[in-house]
Amino acid sequence: MKRYHPLLVSLHWILAALILFSLYTGDNILEEMSNASPEKIFVLKVHMATGLVILALMLFRLIVRLKSQLPKKIDTGNAFINKAGKYSHILLYVLVFLITISGLSTSILADLPNIFATGGALPETFENLPPRIAHGVLTKILFALVILHLSASLYHQFIRKDSLLSRMWFGKS
Ligand code: HEM
């Protein structure tokens, strides 16, 4: 078995795009926008809907991953790098779950579903809510881990030349 199951490959790249989109829009649009801005509710709706799709697809991917046959683990010849690879992937899953749960908790504490339904005004800020603080910190850690994940794949592809990226692409299994 040389590659991941095509469903796992598709979900990997769809999730990568959705997570990068949420990190970018969360940090560069949502965070910068005042809660008094008339466009904020629309941006929040898009952000929350994307986040919930990410949560559902992550759960689905985890189940498919646990049930499908995986390609053989790559041995870098260095026990520390092998372990770092394994634990950084687990941490990616944990972080994404915690981020979606803290985002959801923020929106429930701020009564957003009710505000969206009744057309009421947003609270002055979300910044004082504990899950909002956690959401901000966790997204910064996720951003750092995404950079590490990307650097590791480039290291495998161009320095170790072990075709790691082809395992996460389509083709003969
Ligand atoms: C992987 C999924 C998600 C990512 C990557 C993400 C990313 C972000 C980022 C980067 C910010 C700005 C943080 C800061 O700079 O302090 C943010 C804010 C926020 N997110 Fe998320 N988010 C995700 C999922 C969710 C979900 C599922 C919800 C709710 C259902 C949600 C609700 C919010 C709310 C209410 C804010 C506060 C906006 C503000 O303070 O103006 N997020 N998110």
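Order of listing sets the numbers, starting from 1, for every ligand and every atom in it. Note that the structure is a prediction, hence the values are computed from the model and not measured.
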Tell me the contacting part of Thr139 for ligand 1: side chain, backbone, both, or neither, using a 4.0 Å heavy-atom threshold, strictly below.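 The part of Thr139 near ligand 1 is the side chain, not the backbone.
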
Is it true that a side-chain atom of Arg3 and a backbone atom of Pro71 form a donor plus acceptor pair closer than 3.5 Å?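 Side chain of Arg3 to backbone of Pro71: no pair is present.
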
Spell out, as yes or no, whether a donor-acceptor pair under 3.5 Å connects the side chain of Arg167 to the backbone of Lys72.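 Yes; judged by distance alone, with no hydrogens or angles, the pair exists.
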
How close does the nearest protein non-hydrogen atom get to [atom], and which residue and atom is it?
atom	value
atom 38 (C) of ligand 1	Leu30 CG, 3.6 Å
atom 26 (C) of ligand 1	Gly103 CA, 4.0 Å
atom 40 (O) of ligand 1	Arg132 NE, 2.8 Å
atom 5 (C) of ligand 1	Ser22 CB, 3.6 Å
atom 18 (C) of ligand 1	His135 CD2, 3.5 Å

Would one find more than 12 heavy atoms of other residues, nucleotides or ligands at under 6.0 Å from atom CZ of Phe170?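 Enclosed: over 12 neighbouring heavy atoms sit under 6.0 Å from CZ of Phe170.
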
Heavy-atom neighbours of Phe116 CZ exceed 12 at 6.0 Å: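 Yes, CZ of Phe116 has more than 12 neighbouring heavy atoms, counting only those of other groups under 6.0 Å.
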
Contact atoms of ligand 1, heavy-atom distance to [X] under 4.0 Å:
X	result
Leu104	28 (C), 29 (C), 30 (C)
Glu31	14 (C), 15 (O), 16 (O)
Lys140	14 (C), 15 (O), 16 (O)
Ile54	1 (C), 2 (C)
Phe126	37 (C), 38 (C), 39 (C), 40 (O), 41 (O)

Return the option from Ile99, Leu138, Leu23, Leu44 holding the heavy atom at the smallest distance from atom 35 (C) of ligand 1. Leu44

Tell me the nearest of Gly26, Ala49, Ser107, Ala110 to atom 11 (C) of ligand 1, using heavy-atom distances.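 Result: the heavy atom closest to atom 11 (C) of ligand 1 is in Gly26.
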
Is Asp27 close to ligand 1, meaning an N/O of one under 3.5 Å from an N/O of the other?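 Yes, Asp27 has an N/O under 3.5 Å of an N/O on ligand 1.
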
Nitrogen or oxygen atoms of His47 and ligand 1 under 3.5 Å apart: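 Yes; at least one N/O pair falls below 3.5 Å.
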
Aromatic ring pairing His149/His12, orientation class (parallel under 30°, perpendicular over 60°, tilted between):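 The rings of His149 and His12 sit tilted, inter-plane angle from 30° to 60°.
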
Are Thr25 and Val43 close enough that some pair of their side-chain heavy atoms sits under 4.5 Å apart?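 Thr25 vs Val43: side chains apart.
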
Please tell me if the side chains of Leu52 and Leu104 come closer than 4.5 Å, counting only heavy atoms from C-beta onward. yes

Atom pair NE2/OG of His5 and Ser10 - distance to nearest 0.5 Å: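 Here the interatomic distance stands at 9.5 Å.
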
Spacing of Leu23 atom CG and Thr139 atom OG1 [to the nearest 0.5 Å]: 6.5 Å

Residue-ligand contact Lys40/ligand 1, heavy atom below 4.0 Å: yes

Quick check: closest heavy atoms across Ala110 and Ile115, and the distance to 0.1 Å?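 Here Ala110 and Ile115 meet closest at O-CD1, 3.5 Å.
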
